[in-house]
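Just so you know, these numbers come straight off a predicted model, no measurement behind them.
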Amino acid sequence: CTLDYTALTCCSASCHYNQVMGFFYNNSGDDKWDKGQLILVQVVGSLFCCFILVSNAMVIAAVITNKRFHYPFYYLLANLAASDFLAGIAYVYLMFNTGEVSRQLTVKGYFIRQGLLDVSLSASLANLLVIALERNISVMNWKVHSNLTKRRVILLIVLVWAISILMGAVPSMGWNCLCNLSVCSQLAPIFSRSYLIFWSASNLVVFLVMVAIYMRIYTYVKRKTAVLTAHTSGSISRKRTPIKLIKTVMVVLGVFVICWTPGLVVLLLDGLDCKSCNVMKLKRPLLLLAVLNSGINPCIYSYKDEEMWTTIKNLLRCIGNGTRRQRSTKANARPLSSVQDTGNSQPPSEEIKNDDQGMLKT
């Protein structure tokens, strides 16, 4: 479009900003849900999302309340739990804006729905990359925790969320197909295929970088352990080396790669306009696999870290005790009824009177 008024008017007329999503679904490929199937997914999905929200909130609370977790690694781990918490919110919003409801969404509503998912995934990926770099620094110095200051950790956390929000907002800022329907993707009907190629390819590259970092860490730790074992009488205590935390992070990274790589590959195939790949059939099972990842991570933290599990149990016990104490306080604070005040009241006995007189004399 040129800059003259006529051309701009013609260009804006060819764009479809005011259309509902049903128009774009009809253009790229219908996405219909069976009503019973959708209700089942919403009920089961809501319960699982509640678990995601509660479990990740407990991990964040454990890091805040336990002073033994006030180190860079655990702050970054809590930030990863925060991204999974956001993913739980995004999945709830997605479930109740799917099916016929999604066809009535505005373009802005669809950008919000997909933007939440993109931000949560980008935040998880960026957090894992930052944790990998933090582990690399600590291992190369052969320390359990790195020397990163709290200020630098806060700056890293802010940078992670700034990049994630930017990645989620890119399609709504113009990288979409609202003015050129021929380049729309099937899985995200208002996202251009070029954006899907960029987004999926960049995430896969970050996966490879993290795998390379952890392979380097693993090789260094194995070589260092062999050297130290040869010069000591016994085996090295793993609690005094960075090995334990590295194993936790490697399990988290492995689960993340398993849960997200198939979906990213399918997005890449959709971006490459693979007609024979039938990406629409793979959309739902791969999304469920991605949802599973946000619920598995807190279980990994608790299973691999005994201190984390103990702290979470103590928090749950405190919540339970607080709830019971609140109930008993309310029960004791109830005023007596008028019948109890008048009809059931009895005059004090002689023994009570004698006791009162004795107390007064004393």
Other residues, nucleotides and ligands only: do more than 12 of their heavy atoms fall within 6.0 Å of [atom1] on [X]?
| X | atom1 | answer |
| --- | --- | --- |
| Y71 | OH | no |
| Y93 | OH | yes |
| M215 | CE | no |

>> Go through it in stages, so that I can follow the logic: the residues are Y75 and F69, the test is ring-ring contact (aromatic ring centres under 6.0 Å, His included), and I'd like the CA-CA distance, side-chain angles, deciding distance and then a yes or no.
In response: CA-CA 8 Å; Y75 289 141; F69 295 149; over 10 Å; no

Using side-chain heavy atoms (C-beta onward) and a distance below 4.5 Å, is [X] in contact with [Y]?
| X | Y | answer |
| --- | --- | --- |
| M250 | R135 | no |
| L181 | C184 | yes |
| L196 | L268 | no |
| I52 | F85 | no |
| P262 | L289 | yes |
| F96 | V101 | no |
| M21 | Q104 | no |
| R103 | F23 | no |

Hydrophobic cluster membership, [X] vs [Y], 4.5 Å side-chain cutoff:
| X | Y | value |
| --- | --- | --- |
| L86 | I60 | no |
| I137 | I131 | no |
| I112 | Y25 | yes |
| V251 | W260 | yes |
| F51 | Y91 | yes |

So, does [X] use its side chain to make a donor-acceptor pair with the main chain of [Y] at under 3.5 Å?
| X | Y | answer |
| --- | --- | --- |
| N136 | A132 | no |
| D270 | Q186 | yes |
| S122 | S164 | no |
| N26 | G22 | yes |
| N56 | A82 | no |
| R113 | N97 | yes |

>> Set out, in order, the CA-CA distance, both residues' side-chain angles and the distance that settles side chain to side chain contact (heavy atoms under 4.5 Å, CB included) for V183 and D273, then state yes or no.
In response: CA-CA 9 Å; V183 298; D273 199 19; over 6 Å; no

Could you tell me the separation between the [atom1] atom of [X] and the [atom2] atom of [Y], rounded to the nearest 0.5 Å?
| X | Y | atom1 | atom2 | answer |
| --- | --- | --- | --- | --- |
| M308 | N66 | CE | CG | 8.5 Å |
| Q19 | T106 | CD | OG1 | 12.0 Å |
| Q114 | L105 | CD | CG | 9.5 Å |
| I154 | L159 | CD1 | CG | 13.5 Å |
| S124 | N297 | OG | CG | 7.5 Å |
| L133 | I213 | CG | CD1 | 4.5 Å |

Of all heavy-atom pairs between [X] and [Y], which one has the smallest distance, and what is that distance?
| X | Y | value |
| --- | --- | --- |
| P72 | V153 | CB-CG2, 3.8 Å |
| L166 | M173 | CD1-SD, 4.4 Å |
| P171 | N176 | O-ND2, 2.7 Å |
| V92 | C49 | CG2-CB, 3.5 Å |
| Y74 | V63 | O-CG1, 3.7 Å |
| R193 | S182 | NH1-O, 3.3 Å |

>> Classify the ring geometry of F24 against H16: parallel below 30°, tilted from 30° to 60°, perpendicular beyond 60°.
In response: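 The arrangement is perpendicular - the two ring planes meet at more than 60°.
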
> Without hydrogens or angle criteria, can the side chains of S120 and S83 be said to hold a donor-acceptor pair below 3.5 Å?
Replying inline: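 There is no such pair between these side chains.
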
>> Testing the 3.5 Å rule here: is there a donor-acceptor pair between the side chains of W161 and N79?
In response: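 A pair is found: one side chain offers a donor N or O, the other an acceptor, under 3.5 Å apart.
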
>> Tell me which one of Y195, F111, F191, W199 satisfies ring-ring contact (aromatic ring centres under 6.0 Å, His included) with W175.
In response: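 With W175 as partner, Y195, F111, F191, W199 yield a single ring-ring contact (aromatic ring centres under 6.0 Å, His included), made by Y195.
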
